[in-house]
4 protein chains.
Amino acid sequence: MKAEKAAPRRAGAQEKHDRILKAAVKIFARHGFHNSKISQIAKEAGVADGTIYLYFKNKDDVLISLFEEKLTEAIDRLKELLDGIDAPEQRFRAFIRNYVLYMDENKELAEVISVELRQSNKFMKEYVPIKFGEFLNLVSNLIRDCKDQGVFRTSVPPGIIKRSIFGALDEMVLYMVLDPHPKYDAEEIADALAEFFLEGLKKHPSSGQ
Amino acid sequence: MKAEKAAPRRAGAQEKHDRILKAAVKIFARHGFHNSKISQIAKEAGVADGTIYLYFKNKDDVLISLFEEKLTEAIDRLKELLDGIDAPEQRFRAFIRNYVLYMDENKELAEVISVELRQSNKFMKEYVPIKFGEFLNLVSNLIRDCKDQGVFRTSVPPGIIKRSIFGALDEMVLYMVLDPHPKYDAEEIADALAEFFLEGLKKHPSSGQ
Amino acid sequence: MKAEKAAPRRAGAQEKHDRILKAAVKIFARHGFHNSKISQIAKEAGVADGTIYLYFKNKDDVLISLFEEKLTEAIDRLKELLDGIDAPEQRFRAFIRNYVLYMDENKELAEVISVELRQSNKFMKEYVPIKFGEFLNLVSNLIRDCKDQGVFRTSVPPGIIKRSIFGALDEMVLYMVLDPHPKYDAEEIADALAEFFLEGLKKHPSSGQ
Amino acid sequence: MKAEKAAPRRAGAQEKHDRILKAAVKIFARHGFHNSKISQIAKEAGVADGTIYLYFKNKDDVLISLFEEKLTEAIDRLKELLDGIDAPEQRFRAFIRNYVLYMDENKELAEVISVELRQSNKFMKEYVPIKFGEFLNLVSNLIRDCKDQGVFRTSVPPGIIKRSIFGALDEMVLYMVLDPHPKYDAEEIADALAEFFLEGLKKHPSSGQ
DNA sequence: TATGAATGAGTGTTCATTCAT
DNA sequence: TATGAATGAACACTCATTCAT
């Protein structure tokens with residue numbers, strides 16, 4: 001929930017807020033945050049420049065809000081989806097699959113997240129890291145469940161696994177959405193990644209120790 | 001080899017060029033590319049603002065050159081190192097290990113690469129993607145060798161593996177260099193990652209097919 | 001009487017007009033005209049921003065109206081007061097005294113007049129100079145009466161006297177209302193100023209000529 | 001002496017600094033501080049907009065520096081002049097006379113000081129009040145000397161006198177420089193004011209008490 | 001080569017004003 | 001009348017880049 005900024009009370013307020021954020025995703029994806037102009041976003045959203053400042057504190061806040069709201073949305077969707085699945089391995093697979101498919105359906109958002117998240121994570125102190133941490137915890141929990149149930153016997157520390165998986169997912173998704181002639185489609189990528197991670201995390205009896 | 005720009009003639013020229021790039025790494029790591037000022041780099045390098053333009057076409061070119069030269073250096077170091085190792089699996093392990101240790105020893109460079117590479121990859125059309133591709137190919141080759149020798153029997157496509165590994169490495173390294181109180185040291189991280197990847201790529205007899 | 005603007009029709013209209021002006025005095029005193037926002041005045045007055053434009057043409061007009069009405073009020077009060085006094089010297093003293101006391105009782109108004117009047121006098125072509133001239137004429141008349149009755153024998157031209165007196169009063173009042181730990185109170189200041197001016201304007205037999 | 005802002009070291013630096021300040025006086029006099037644009041000043045000074053920021057921290061600093069330097073100059077000139085005069089009354093007269101003539105010769109500066117000083121005094125915390133206080137002290141000292149030597153026997157407190165005199169001078173000067181068809185010239189005004197003040201401050205034996 | 005003063009295009013942000021409700 | 005969301009013109013300030021020395 002955004003604070004500080006008196007949200008306009010009109011009926012269409014949320015709609016306009018969303019329109020601006022949607023425009024921002026498109027513009028940021030196209031030019032990158034730093035090369036995007038507020039006036040471009042305003043134009044794309046069909047509002048005046050000044051209107052953006054009725055809904056967001058400043059340009060940074062547009063990006064932060066974008067991260068916050070879109071990550072929340074994505075996380076919620078993933079959580080809800082996982083709720084319907086019991087078997088840990090299936091949950092893990094479903095997570096990977098749905099993350100990849102979600103990003104494939106929201107290519108511009110995927111671009112923005114991949115390209116700008118690190119910048120933001122480093123230079124914007126507040127919201128982004130929190131939301132991002134929440135996302136990483138989702139991964140942690142999945143891994144812990146898999147371990148608890150004996151699916152994963154890996155000795156790799158969870159803190160390393162969760163980040164590695166995020167890094168791999170993120171990079172892969174970026175490649176997927178940017179490549180104009182992709183060799184693999186989202187489904188293939190999702191399956192391959194799931195396969196890769198699962199193999200890496202299962203402790204195979206034959207591989208001894 | 002850079003073009004357009006008058007090649008440095010004096011012996012001290014290369015030294016000044018390097019000093020500027022070294023300063024740039026430090027400044028970019030601290031503030032990010034877009035928030036870094038040419039004047040800050042000049043000051044850090046102990047030269048006048050204008051002098052930077054004797055060695056680099058413009059601000060973008062400083063970052064591009066940085067990527068180009070530092071990636072080249074890193075790649076060459078890794079290549080040379082791998083040359084001394086025969087067994088594919090050992091080469092793979094050595095690669096992971098050395099990448100992580102190298103970045104740990106060059107924390108500022110690691111930050112810049114992690115935080116700025118994607119932006120640059122996307123928005124700077126020229127050198128960066130080429131150099132980055134070269135790096136990825138290094139990974140590809142390692143994987144191909146492992147496959148050729150039967151170490152990896154994975155069915156995951158190499159194009160997906162190489163990017164996943166880069167993504168995981170990159171994210172992990174970023175975490176490593178940024179966390180003020182890291183839970184794991186570089187050695188642990190390297191070992192864990194190698195373990196994770198190798199397990200994921202070996203085709204385990206027991207895991208059937 | 002203001003023109004152009006629809007005359008307030010409802011009984012409550014005048015009241016709202018006054019509330020806005022009262023709010024404006026407070027806000028202008030606190031931040032200065034140029035640093036005051038219409039929205040601040042609206043908030044202070046408890047009305048919507050747009051409402052101000054139902055009562056005033058624009059921001060300038062708020063200040064102009066403020067000067068016009070408050071100066072009129074002050075002048076009328078002073079005139080009325082002077083009407084009850086016959087002796088020119090007493091009228092002069094009463095004028096000084098009451099101007100100072102009035103401003104002391106209306107500190108915020110005094111600040112606005114002192115700080116903004118000159119700007120307005122110079123850059124706002126219409127009402128302000130007229131009203132201000134009227135105020136100065138009040139002084140002129142007092143002086144003329146004193147001269148006519150032989151109280152003042154000064155050879156200093158009236159045009160110079162009236163402005164000097166206004167300047168001195170204005171500066172003194174500003175000092176009085178702004179100083180958080182004033183050395184003199186309003187009464188003392190009034191008496192001192194009256195003394196100073198009267199001495200300066202009486203032609204003292206002993207001082208020759 | 002200005003600090004913080006690295007003054008350009010070039011030979012012509014002081015000259016450019018002065019040119020900008022001179023331009024600022026002209027522009028501020030014409031439009032008032034708040035309605036003056038940096039670009040107007042730059043144009044008038046024959047420099048680029050950005051150049052102004054090499055010599056001044058920001059727009060406020062231009063005004064502050066203007067006050068500081070011009071007041072210093074004026075005060076120094078007045079001090080030097082007074083040094084050559086012994087008799088307190090003559091010193092007082094000389095002060096009035098020279099202040100008025102100086103302002104008459106620097107009409108635009110006079111306008112800026114009269115119109116903007118109060119704003120600045122109130123809203124700019126640092127330099128202006130200090131310099132202004134120094135100016136007031138000059139007046140105080142003159143009065144004290146006159147009292148010490150028995151020229152003034154007034155009972156009006158010095159703190160009130162100095163501000164009244166400044167207020168009267170300032171207002172009178174403003175009138176003088178603004179009136180397109182002035183009834184009095186600078187000499188007359190100076191003489192009249194001196195006369196007025198002196199009469200007001202001398203304690204006339206015949207006026208008893 | 002090296003300097004750093006000068007440039008001026010470019011933009012985030014503010015806020016007086018409007019107008020649909 | 002009253003509202004306050006929306007507008008968009010306006011502007012201070014920054015900083016990459018140039019160029020005279």
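Order of the sequence lines sets the chain letters (A, B, ...), proteins ahead of strands, with each chain counted from 1. The structure presented is a predicted model; accordingly, all values stated were derived computationally and were not measured. What's counted below: heavy atoms across the whole structure, side chains too, no hydrogens, waters or symmetry copies.
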- Fit a plane to each ring of B/His34 and A/His34, take the angle between them on a 0 to 90° scale, and name the class: parallel (under 30°), tilted (30 to 60°) or perpendicular (over 60°).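 Rings of B/His34 and A/His34: parallel, as their planes differ by under 30°.
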Which residues satisfy the salt bridge (charged side-chain N to carboxylate O under 4.0 Å, His left out) test with [X], sequence neighbours excluded?
{"X": "D/Glu116", "result": "none"}
{"X": "D/Lys131", "result": "D/Glu134"}
{"X": "A/Lys122", "result": "B/Glu111"}

- Task: With sequence neighbours excluded, tell me which residues meet ring pair (Phe, Tyr, Trp, His ring centres under 6.0 Å) with A/His31.
- Result: none
- Message: Considering only residues two or more places apart or on different chains, which pairs with a residue in residues 17-26 of chain D satisfy salt bridge (charged side-chain N to carboxylate O under 4.0 Å, His left out)?
- Response: D/Glu15-D/Arg19, D/Lys26-D/Glu44
- Within residues 18-33 of chain A, those residues having any heavy atom closer than 4.0 Å to DNA chain F are none
All N/O pairs under 3.5 Å across the protein-nucleotides 9-11 of chain E interface:
unit_1	atom_1	unit_2	atom_2	d
E/dT11	OP1	A/Lys37	NZ	2.8

- When pairs are called at under 3.5 Å and a stem needs at least three consecutive Watson-Crick or G-U pairs, the stems of DNA chain F are E:2-21 with F:2-21
Tell me: [atom1] of [X] to [atom2] of [N], nearest whole Å?
{"X": "D/Lys16", "N": "E/dA6", "atom1": "NZ", "atom2": "C1'", "answer": "6 Å"}
{"X": "C/Asn58", "N": "E/dT17", "atom1": "CG", "atom2": "P", "answer": "5 Å"}
{"X": "A/Phe56", "N": "F/dA6", "atom1": "CZ", "atom2": "C1'", "answer": "15 Å"}

- Nearest of E/dT13, F/dT17, E/dT17 to any side-chain atom of B/Tyr53?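 Given the options E/dT13, F/dT17, E/dT17, the side chain of B/Tyr53 is closest to F/dT17.
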Could you pull out all residues at least two apart from [X] that satisfy side chain to side chain contact (heavy atoms under 4.5 Å, CB included)?
{"X": "A/Ala24", "value": "A/Phe28, A/Ile41, A/Val62, A/Leu66"}
{"X": "A/Ile130", "value": "none"}
{"X": "C/Asn106", "value": "C/Tyr102, C/Leu109"}
{"X": "A/Lys37", "value": "A/Ser39, A/Gln40"}

